[in-house]
Amino acid sequence: MKNKKTVVLGATTKPERAACKAIQMLVDRGHSVLAIGQNAGEVAGIKIKTKAIPLSNIDTISLYLNPVRQRDYYNYIVEAKPKRVIFNPGTENPELYQLLELNNIKVDVACTLVLLTTNRY
């Protein structure tokens, strides 16, 4: 399996939240993870940053922010030049899809947890 450097945008330490489960599952499967969230903390040995950090060589950004909160990150996501952005349930955003596609970034409306579980990540 190839290590896919992944940014979890909307990270949280709350174990019942999908973003927290995604960090844990990504780490368990050997992927490099960067986590950015509203509150600092740590999940599976990954420190959650509360500010946008410089990004490079990103394979995937896994979104866990609602469309309104995503607006603050549009430029950040495009400038990171990930290969794809996964829009997890509740994050669907046609406006951002269009912006990403204009910048040759793949839009994947899916669930990170399901993709990992079914070996389609």
Side-chain angles (χ1 to χ4, degrees):
M1 174 193 63
K2 183 180 169 226
N3 174 353
K4 294 185 178 175
K5 190 172 179 185
T6 302
V7 176
V8 175
L9 194 51
T12 179
T13 58
K14 295 177 183 172
E16 70 278 7
R17 305 290 301 202
C20 183
K21 292 175 184 175
I23 294 168
Q24 183 68 57
M25 200 178 283
L26 285 160
V27 169
D28 289 349
R29 285 171 169 70
H31 297 287
S32 299
V33 179
L34 298 168
I36 301 170
Q38 206 166 8
N39 300 307
E42 191 172 313
V43 176
I46 304 297
K47 292 192 184 316
I48 298 173
K49 312 284 188 213
T50 57
K51 292 183 172 47
I53 55 174
L55 300 175
S56 63
N57 301 316
I58 301 300
D59 182 86
T60 302
I61 294 178
S62 182
L63 278 180
Y64 290 95
L65 296 172
N66 71 50
V68 172
R69 294 207 42 235
Q70 290 170 23
R71 287 189 190 126
D72 293 337
Y73 292 95
Y74 281 10
N75 289 336
Y76 182 67
I77 292 168
V78 170
E79 288 168 11
K81 297 182 179 88
K83 291 180 182 160
R84 69 174 169 171
V85 175
I86 298 174
F87 288 82
N88 288 282
T91 67
E92 298 86 354
N93 183 349
E95 182 178 78
L96 184 52
Y97 301 166
Q98 189 174 29
L99 179 62
L100 295 172
E101 288 167 352
L102 286 171
N103 286 277
N104 299 311
I105 298 168
K106 183 180 180 222
V107 170
D108 200 352
V109 181
C111 175
T112 297
L113 298 174
V114 171
L115 292 173
L116 287 164
T117 302
T118 58
N119 295 316
R120 292 183 296 143
Y121 190 78

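Being a predicted model, the structure only gives us computed values, none of them experimental.
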Between [X] and [Y], which heavy-atom pair has the shortest distance, and what is it?
{"X": "Leu115", "Y": "Ala110", "value": "CD1-CB, 3.9 Å"}
{"X": "Glu42", "Y": "Thr13", "value": "N-CG2, 3.6 Å"}
{"X": "Leu65", "Y": "Gly10", "value": "CD2-CA, 3.7 Å"}
{"X": "Asn88", "Y": "Ser62", "value": "ND2-OG, 2.9 Å"}
{"X": "Val114", "Y": "Arg120", "value": "CG1-NH2, 3.8 Å"}
{"X": "Asn3", "Y": "Gly30", "value": "CG-O, 3.5 Å"}

Give, for atom [atom1] of [X] and atom [atom2] of [Y], the distance between the pair rounded to the nearest 0.5 Å.
{"X": "Leu9", "Y": "Thr91", "atom1": "CG", "atom2": "OG1", "answer": "10.0 Å"}
{"X": "Tyr97", "Y": "Asp108", "atom1": "OH", "atom2": "CG", "answer": "10.0 Å"}
{"X": "Arg71", "Y": "Leu99", "atom1": "CZ", "atom2": "CG", "answer": "12.5 Å"}
{"X": "Ile36", "Y": "Lys51", "atom1": "CD1", "atom2": "NZ", "answer": "12.0 Å"}
{"X": "Lys14", "Y": "Lys21", "atom1": "NZ", "atom2": "NZ", "answer": "13.5 Å"}
{"X": "Lys81", "Y": "Asn104", "atom1": "NZ", "atom2": "CG", "answer": "11.5 Å"}

Would the number of heavy atoms belonging to other residues, nucleotides or ligands and lying under 6.0 Å from [atom1] of [X] be above 12?
{"X": "Lys83", "atom1": "NZ", "result": "no"}
{"X": "Arg17", "atom1": "CZ", "result": "no"}
{"X": "Asp28", "atom1": "CG", "result": "yes"}

Should [X] and [Y] count as side-chain neighbours, where that means a heavy-atom distance under 4.5 Å?
{"X": "Thr60", "Y": "His31", "value": "no"}
{"X": "Ile48", "Y": "Val43", "value": "yes"}
{"X": "Tyr64", "Y": "Thr12", "value": "no"}
{"X": "Tyr121", "Y": "Leu26", "value": "yes"}
{"X": "Gln98", "Y": "Val107", "value": "no"}
{"X": "Val78", "Y": "Leu100", "value": "yes"}
{"X": "Arg69", "Y": "Gln38", "value": "yes"}
{"X": "Ile77", "Y": "Gln70", "value": "no"}

Donor-acceptor check, side chain of [X] to backbone of [Y], threshold 3.5 angstrom: yes or no?
{"X": "Asn66", "Y": "Val68", "result": "yes"}
{"X": "Glu92", "Y": "Gly90", "result": "yes"}
{"X": "Lys5", "Y": "Ser56", "result": "yes"}
{"X": "Tyr76", "Y": "Ile53", "result": "yes"}

Flag yes if [X] and [Y] sit in one hydrophobic cluster, no otherwise; membership is Ile, Leu, Val, Met, Phe, Trp, Tyr, and two members link when side-chain heavy atoms are under 4.5 Å apart.
{"X": "Leu34", "Y": "Ile46", "result": "no"}
{"X": "Ile86", "Y": "Val8", "result": "yes"}
{"X": "Val85", "Y": "Leu113", "result": "no"}
{"X": "Ile58", "Y": "Phe87", "result": "yes"}
{"X": "Leu55", "Y": "Leu96", "result": "yes"}

Going by distance alone, is a donor N or O of one side chain under 3.5 Å from an acceptor N or O of the other, for Asn93 and Tyr74?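 Yes.
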